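Data first, discussion second: the structure below is written as structure tokens.
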Amino acid sequence: MQTTRIQQAMTTLKDNGFKHTKKREALLTFLAKRNRYIAAKEVHQFMNENFPGVSYDTIYRNLHDFAQIGLLEETDLNGEMKFRFHCCQDAHHHHHHFICTVCGKTKELDLCPMDYFAEQLPGCVIEGHRFEILGRCEDCQ
């Protein structure tokens, strides 16, 4: 299953004009295995251990680019951008997350509050939204 998700991600990269490289595959695999939000500096530390000399700017740029094409999710936690492998490659599966502010672990929430807000905005066209619940998970309390 994990391998399939990475293969799909690499195909998405190629479809969006990015070359398939071992570094990009390693970066995506690292995030997919962690299944939580991770700071760019932690990703850089991992990548630098495996690919000595890789620059922080290159890592951050890739993380941002991958988020732009839907491979990664990004959020601002405690004033720092963090990234995670997109938990669902199916564009039709709509959900939100509880995010632990300590460890970055996430839990899916299938309930979407947008139905409530849409009722209160007659005549408006909602083009997108983002809903996250922040707190401490059971392991970090």
Side-chain angles (χ1 to χ4, degrees), residues 1-121 123-141:
M1 178 70 166
Q2 191 79 5
T3 304
T4 303
R5 291 176 67 201
I6 300 303
Q7 290 170 342
Q8 289 173 339
M10 296 311 294
T11 299
T12 299
L13 282 178
K14 186 177 179 184
D15 292 346
N16 283 274
F18 293 91
K19 291 182 181 177
H20 181 150
T21 67
K22 293 212 179 287
K23 289 178 187 175
R24 288 181 173 145
E25 187 172 344
L27 185 150
L28 291 170
T29 301
F30 173 76
L31 289 168
K33 286 182 179 177
R34 297 313 176 277
N35 195 30
R36 63 180 172 88
Y37 279 99
I38 299 175
K41 63 185 173 189
E42 186 178 341
V43 176
H44 177 251
Q45 180 180 349
F46 165 80
M47 291 297 291
N48 204 36
E49 290 170 4
N50 293 281
F51 302 95
V54 66
S55 77
Y56 177 81
D57 289 343
T58 298
I59 298 303
Y60 193 84
R61 184 175 51 254
N62 275 278
L63 291 169
H64 180 72
D65 288 346
F66 297 171
Q68 291 295 106
I69 62 173
L71 291 178
L72 303 181
E73 297 173 20
E74 59 186 350
T75 194
D76 185 330
L77 283 176
N78 304 320
E80 181 178 26
M81 287 304 298
K82 296 195 178 187
F83 302 85
R84 76 185 295 264
F85 194 80
H86 203 292
C87 59
C88 182
Q89 299 300 317
D90 179 5
H92 302 292
H93 179 74
H94 181 79
H95 66 275
H96 299 283
H97 293 119
F98 165 85
I99 305 168
C100 180
T101 57
V102 177
C103 71
K105 182 169 48 173
T106 64
K107 294 184 179 200
E108 278 190 29
L109 305 170
D110 289 319
L111 178 71
C112 179
M114 284 311 295
D115 293 335
Y116 172 77
F117 293 113
E119 291 173 5
Q120 294 190 33
L121 299 168
C124 296
V125 176
I126 299 170
E127 296 177 346
H129 69 280
R130 188 172 146 148
F131 180 73
E132 298 170 334
I133 297 176
L134 307 175
R136 292 178 182 229
C137 71
E138 56 278 354
D139 296 330
C140 294
Q141 292 189 43

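The structure displayed is predicted, hence computed values, not measured ones.
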Got [X] and [Y] here, is their nearest side-chain heavy-atom distance under 4.5 Å?
X	Y	result
R5	H86	no
F66	L27	yes
N35	F85	no
D139	V102	no
F98	E132	no
E73	Y37	yes
E80	K41	yes

Would a distance-only check, ignoring hydrogens and angles, find a side-chain to backbone donor-acceptor pair under 3.5 Å from R34 to T29?
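Not at all, since once roles are kept as given, no pair shorter than 3.5 Å links the two residues.
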Between N48 and G53 (side chain of the first, backbone of the second, donor and acceptor by atom type, cut-off under 3.5 Å), is there such a pair?
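Checked: pair present.
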Is it true that the side chains of T101 and R136 contain a donor and an acceptor less than 3.5 Å apart?
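Checked: T101/R136 side chains show no N/O donor-acceptor pair below 3.5 Å.
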Donor + acceptor pair across side chains of H97, E108 (<3.5 Å)
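No - no donor-acceptor pair under 3.5 Å links their side chains.
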Run the side chain to side chain donor-acceptor pair (under 3.5 Å) test against E42 and tell me which residues pass, sequence neighbours left out.
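Scan of E42 (side chain to side chain donor-acceptor pair (under 3.5 Å), adjacent residues dropped) gives R36.
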Please walk me through it: do R84 and K105 pass side-chain contact (heavy atoms from CB on, under 4.5 Å)?
CA-CA 10 Å; R84 76 185 295 264; K105 182 169 48 173; over 6 Å; no
Partners of K82 by salt bridge (Lys or Arg N to Asp or Glu O under 4.0 Å), sequence neighbours excluded?
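Expected list: none.
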Nearest 0.5 Å please: distance from the CD1 atom of I6 over to the OG1 atom of T11.
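That separation rounds to 11.0 Å.
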State the CD1-OG1 distance between I69 and T12, to the nearest 0.5 angstrom.
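If we round to the nearest 0.5 Å, I69:CD1 and T12:OG1 are 6.5 Å apart.
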Partners of H96 by ring-ring contact (aromatic ring centres under 6.0 Å, His included), sequence neighbours excluded?
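Expected list: H94, H129, F131.
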Can you name the closest pair of heavy atoms from E25 and M10 and give their distance?
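Where E25 meets M10 most closely, the heavy atoms are CA-SD, 3.9 Å.
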Checking L72 against L28 for the side-chain contact (heavy atoms from CB on, under 4.5 Å) test, could you report, in this order, the C-alpha distance in whole Å, the side-chain angles of both residues, the deciding distance, and whether it holds?
CA-CA 9 Å; L72 303 181; L28 291 170; 3.9 Å; yes
F30/I38 under side-chain contact (heavy atoms from CB on, under 4.5 Å): CA gap, chis, key distance, verdict:
CA-CA 10 Å; F30 173 76; I38 299 175; 3.9 Å; yes
